[in-house]
Amino acid sequence: MLKIEENVMIKNLVTMRIGGPAKFVITVTDKEDIPEAYKFAKERNLPVWVLGGGANTFSKDEGFEGVIILDRIMGISQIETPAGEEEKEGVAYFKAYGGEQWDDLVTYVSERGFSGIEAMAGIPGTAGAAPVQNIGAYGQEVTQVIVSVEAYDTKLEKFVVVPASEMKMSYRKSIFNSGENVGRYFIYSTTVRVEKGQLNPPFYRSLQAYVDEHGETDFSPLNIARMVKEVRNSKLPDPEKIASAGSFFKNVYLTDEEADEAEARGIQVWRNAKEVGPDSPEKRTNLVNSGWLIEEAGLKGKVFHGMKVSDKAALILINESAESYADLAAAREEIAKIVFDKFGFKIEQEPDEIEA
Ligand code: EPU
């Protein structure tokens, strides 16, 4: 039996706490629920939106005249070497069903001494959502470890395996959130490839700073995961307590010529940034931190229409008292305009909006 609710406020499903009513919300807890939920939507001619933890999503005030499917399918395990992957000493494969918290997969894998996702500890959201926007942090990205997902293909109306090679991942992007196949796949499970071992210094800037400050010498996956979570906790708001959607703006990526020009204007540019997926069509690996731009524009701690630019991490917008999407949009436009007027870069919203 499907769990179906009607007229649910999206603001109650997402960490940013912004969004109007959804016509239906269906919670799926089993594989069999997935085709049924899509059938329910199809019979009523309604669009579908799949939601994991709601950590990176909100909607407009008019809400969503459709069906939101909440993925609550659970389970994490180490699996046999999948077909097409080579058997190799020290390499292991782990599978998480889409409703699991991504961080629980990180802990499960790190506890067993496998390296590859430990720097992505503490990222809010589910294992099913992780490949959608190719999450990344502290120098690791999902694209580096993803093997495949099992997905319900709504076009073929059956379960399929989508291999990493078909995901077209780049910075915060994949076929699951951009291009012609958006909405086609419901990610049922995510499989990653990890290796016995550990990361070695130098680490990503802010992690390295923590290591230096605390004289850390244990770089085991579990200890890296712990350190990353401490770094995150010191800067990023806990979505359980404070309304936000994580980084509100994307970072800015530049071509080499653009980077030269920006540096000549005194802008901080990171060359060969690690966090762009290898398949990035742009191959723009020069990164300007939007957090830096916002901070340099003097906006840390400033409040726009109830949305506060975090005083700890300028890329984070905290919903202090915004009532509506209109407030959020006004804040977004004002911040982006100030940054554009000062630096000439258009910064873009990073989280997703639920829409038909
Ligand atoms: N910076 C500032 N002021 C700030 C924040 C950042 O000047 O207030 C500059 C500093 O130079 C700092 C640099 O930006 O060294 C990098 O900051 P940080 O390491 O915090 O990373 P970020 O670029 O702000 C990205 C991701 C985060 C991820 C971190 C760590 C995006 C949009 N955000 O942020 O992801 O946790 O790197 O790897 O790519 C998210 O997507 O929701 C998210 C939190």
Side-chain angles (χ1 to χ4, degrees), residues 14-16 52-58 102-103 106 117-126 129-130 132-144 169-173 177 199 202-212 224-225 227-239 242-254 262-263 266-271 273-277 280 284-302 308-318 335-336 339 342-343 345 347-352:
V14 299
T15 58
M16 184 59 117
N56 196 55
T57 310
F58 42 80
W102 168 258
D103 184 55
V106 173
I117 59 176
E118 63 271 46
M120 291 184 273
I123 298 183
T126 59
V132 173
Q133 59 151 342
N134 181 22
I135 60 169
Y138 304 100
Q140 287 179 342
E141 240 185 358
V142 157
T143 187
Q144 298 158 353
M169 283 184 170
S170 60
Y171 176 62
R172 295 298 188 269
K173 249 191 192 173
N177 70 1
L199 296 175
F203 301 109
Y204 189 87
R205 299 183 293 285
S206 40
L207 179 57
Q208 186 65 47
Y210 180 97
V211 165
D212 295 341
I224 293 279
M227 291 190 274
V228 163
K229 280 194 263 197
E230 287 211 17
V231 174
R232 293 184 71 93
N233 290 342
S234 68
K235 283 195 301 195
L236 308 179
D238 177 353
I242 295 173
S244 94
S247 294
F248 191 83
F249 294 99
K250 293 186 185 182
N251 283 320
V252 178
Y253 284 89
L254 304 178
E263 264 176 353
I267 291 169
Q268 172 190 280
V269 180
W270 300 95
R271 303 277 176 163
K274 278 189 197 159
E275 280 195 45
V276 177
S280 165
R284 294 178 180 207
T285 55
N286 307 300
L287 182 158
V288 175
N289 287 106
S290 293
W292 185 89
L293 297 172
I294 295 168
E295 180 169 348
E296 289 289 305
L299 301 183
K300 259 189 169 174
K302 290 245 156 76
K308 180 178 177 183
V309 178
S310 165
D311 36 29
K312 292 192 206 137
L315 208 48
I316 309 274
L317 280 191
I318 291 168
I335 293 164
V339 167
K342 189 163 167 77
F343 297 107
F345 295 123
I347 53 174
E348 286 173 19
Q349 179 175 311
E350 196 269 316
D352 254 350

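Note that the coordinates shown come from a computational prediction; the quantities given were computed from them, not determined experimentally. Indexing begins at 1, ligand by ligand and atom by atom, following the structure's order.
Annotation: side chain to side chain donor-acceptor pair (under 3.5 Å) contacts of K302 (sequence neighbours excluded): none. By the side chain to side chain donor-acceptor pair (under 3.5 Å) test, Q208 is found to be paired with D212, residues two or more places apart in sequence or in another chain being considered.
Close contacts between ligand 1 and L315 involve ligand atoms 24 (O), 32 (C) [criterion: under 4.0 Å to a heavy atom]. Counting the atoms of ligand 1 from 1 in the order shown, those under 4.0 Å from a heavy atom of E295 are 2 (C), 3 (N), 4 (C), 7 (O), 8 (O). Those atoms of ligand 1 that come under 4.0 Å of a heavy atom in G246, given as number and element, are 42 (O). Residue-ligand proximity, R205 to ligand 1, at heavy-atom distances under 4.0 Å covers atoms 13 (C), 15 (O), 16 (C). For ligand 1 and A313, the ligand atoms under 4.0 Å from any heavy atom of the residue are 8 (O). Less than 4.0 angstrom separates some heavy atom of K300 from each of these atoms of ligand 1: 8 (O). Every atom of ligand 1 with a heavy atom of Y138 under 4.0 Å away is listed here by number and element: 30 (C), 38 (O). Numbered from 1 in the order shown, with element, the atoms of ligand 1 that lie under 4.0 Å from a heavy atom of Q268 read 11 (O).
By the criterion of a heavy-atom distance under 4.0 Å, the backbone of F249, and not its side chain, is placed next to ligand 1. Residue contacts with ligand 1, taken as heavy atom pairs separated by less than 4.0 Å, involve S206 solely via side-chain atoms from C-beta onward.
Expressed to the nearest 0.5 Å, how far CH2 of W102 lies from CD1 of I135 amounts to 5.0 Å. From Y171, atom OH reaches atom CD of E141 across 9.0 Å, with rounding to the nearest 0.5 Å. Atoms CD1 and OG1, from I242 and T15 in turn, are 11.5 Å apart once rounded to the nearest 0.5 Å.
The closest non-hydrogen atom to atom 43 (C) of ligand 1, taken over G291, S244, S247, comes from S247. Within the set V228, N289, V252, the minimum heavy-atom distance to atom 22 (P) of ligand 1 is found for N289. Closest to atom 32 (C) of ligand 1 by heavy atom, among F248, Y171, W292, is Y171. Here atom 31 (C) of ligand 1 lies nearest to R172 when heavy atoms of K250, E350, R172 are compared. In the candidate list A55, A314, G139, A314 is nearest to atom 8 (O) of ligand 1, counting heavy atoms.
Looking at I335 and F248, their side chains never come closer than 4.5 Å, going by heavy atoms from C-beta outward. Using a 4.5 Å heavy-atom cutoff, the side chains of V211 and M227 are in contact. Residues E350 and L315 fail the side-chain proximity criterion, which asks for heavy atoms closer than 4.5 Å. Taking the side chain as every heavy atom from C-beta outward, S206 and K235 approach each other to under 4.5 Å.
At a 3.5 angstrom cut-off on N or O pairs, N251 counts as close to ligand 1.
Of the charged side-chain nitrogens involved, none lies within less than 4.0 Å of a carboxylate oxygen, so that R172 and E348 do not count as a salt-bridged pair.
Taking the six-membered ring where the residue is Trp, W292 and F343 present tilted rings, their angle falling between 30° and 60°.
The shortest heavy-atom distance from E296 to ligand 1 is not under 4.0 Å.
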